[in-house]
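Please read the structure below before turning to the comments.
The structure presented is a predicted model; accordingly, all values stated were derived computationally and were not measured. Letters A, B, ... mirror the listed sequences (proteins, then strands); counts begin at 1.
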Number of protein chains: 2
Amino acid sequence: MGDQEFKNAVKTTLKTIGGKWKPVILCFLKEGVMRFSELKREIPEITEKMLAQQLRELEQDGIISRKVYPQVPPKVEYSLTEYGQTIQEVLDVMYKWGRQHQKRIREKA
Amino acid sequence: MGDQEFKNAVKTTLKTIGGKWKPVILCFLKEGVMRFSELKREIPEITEKMLAQQLRELEQDGIISRKVYPQVPPKVEYSLTEYGQTIQEVLDVMYKWGRQHQKRIREKA
DNA sequence: CGGTATCCCAAGCGATACTG
DNA sequence: CAGTATCGCTTGGGATACCG
């Protein structure tokens, strides 16, 4: 059945960019290159463990790239890969929908 | 900062239609009206508890509607509300991205 | 600065049994 | 058929401490 294929593709997307932190991280990285500490500052609720972990996973999936500057103190920059740019459309649609849904919630509350 | 608004909207979307089962359920309901048992048949891995629970939540958020036919044996139909139709765009984009991502995974594996 | 390592907790989810 | 109820577990995530 065709819907099984649809279902699996959607699951794949959510597995790759879903979860509690990945969409948030990507919201910031889509704006440009950011250092570890900058991400941490923009997302204060996240622990360093989770930030590092999620960044690793996104890197392994080819969504973001990690650039290490061999210097002291260390400097590491994260950015969307060319491939990673393709999730922007997904984020944008989720943003648009979420925005109007928030409005709807407020109105009927 | 503008990205905080973006972030929150995306979070709202994922809170409403994310998770393990909601996107899957919606993939089927977007095709039309379905009974509880039909959904269960299409999604064999889900337990009845989770199916019922997720359907309740989607109903409360106004995404789907529940129509009970007062008869024995019981008959309950689920379908997208008019408002619920609006998530189709989100699902479609997630489908498209997931589909090409699966392909990418297969190719480099 | 940019991480790991370790331990711990709670929510989400699953299995099973039961019901109108 | 379409659910609830109960219990138990897994796993995602948090707190804290430490390191190159």
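Taking only side-chain nitrogens and oxygens, K40(A) never comes nearer than 4.0 Å to OP1 or OP2 of dG3(C). Taking only side-chain nitrogens and oxygens, T47(B) never comes nearer than 4.0 Å to OP1 or OP2 of dA15(C). Listed pair S37(A) / dC1(C) fails the phosphate criterion, with no side-chain N or O lying under 4.0 Å from OP1 or OP2. Proximity of K20(A) to the phosphate of dA11(C): no side-chain N or O atom is located under 4.0 Å from OP1 or OP2. OP1 or OP2 of dA2(D) sits under 4.0 Å from a side-chain N or O of R35(B).
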Practice task
Show your reasoning for whether side chain to side chain donor-acceptor pair (under 3.5 Å) applies to Y95(B) and E5(A).
Solution key: CA-CA 9 Å; Y95(B) 164 66; E5(A) 185 208 333; 3.1 Å; yes
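L51(B) has its CG atom 11 Å from the P atom of dT4(D), to the nearest Å. Atom-to-atom, CD of E48(B) to P of dT16(C) comes out at 13 Å; the value is rounded to the nearest Å. As rounded to whole Å, 15 Å separates atom P of dG12(C) from atom CD1 of I46(B). In this structure, CD of Q53(B) is placed 9 Å from P of dG12(C), rounded to the nearest angstrom. Atom CZ in R41(B) sits roughly 8 Å away from atom P in dC1(D) (whole-Å rounding). The CD-C1' distance, from E38(A) to dC1(C), rounds to 12 Å in whole Å. Per the geometry, CD belonging to E59(A) stands 13 Å off C1' belonging to dG3(C), to the nearest Å. For the pair I43(B) CD1 and dA2(D) P, the interatomic distance rounds to 14 Å; values are reported in whole Å.
No donor-acceptor contact under 3.5 angstrom links the side chains of Y78(B) and E38(B), judged on distance only. Judged purely by distance below 3.5 Å, without hydrogens or angles, the side chains of Q100(B) and Y83(A) pair a donor atom with an acceptor atom.
The listed nucleotides are dT4(D), dC1(D), dG3(C); the one nearest the side chain of R56(B) is dT4(D). Closest approach to the F36(A) side chain among dA2(D), dG14(C), dG3(C) is made by dG3(C) (side chain taken as heavy atoms from C-beta onward).
Annotation: of the two residues near DNA chain C, Q54(B) and E77(A), the 5′-most nearest-nucleotide partner is E77(A). Each of A52(A) and P74(A) was assigned the nucleotide of DNA chain C with the nearest heavy atom; the assignment lying further toward the 5' end belongs to P74(A). Nearest-nucleotide assignment on DNA chain D puts the 5′-proximal partner with R66(B), out of G19(A) and R66(B).
Minimum interatomic distance between I63(A) and L26(A) (heavy atoms only, all atoms of both residues): CG2-CD2, 3.9 Å.
One can find a donor-acceptor pair under 3.5 Å joining the base of dG14(C) and the side-chain atoms of K49(B).
Across all strands, Y78(A) comes closer than 4.0 Å only to sugar-phosphate atoms, never to a base (heavy-atom distances).
The side-chain tip of K11(A) does not point at the ring of F6(A) from less than 6.0 angstrom away and within 45° of straight on.
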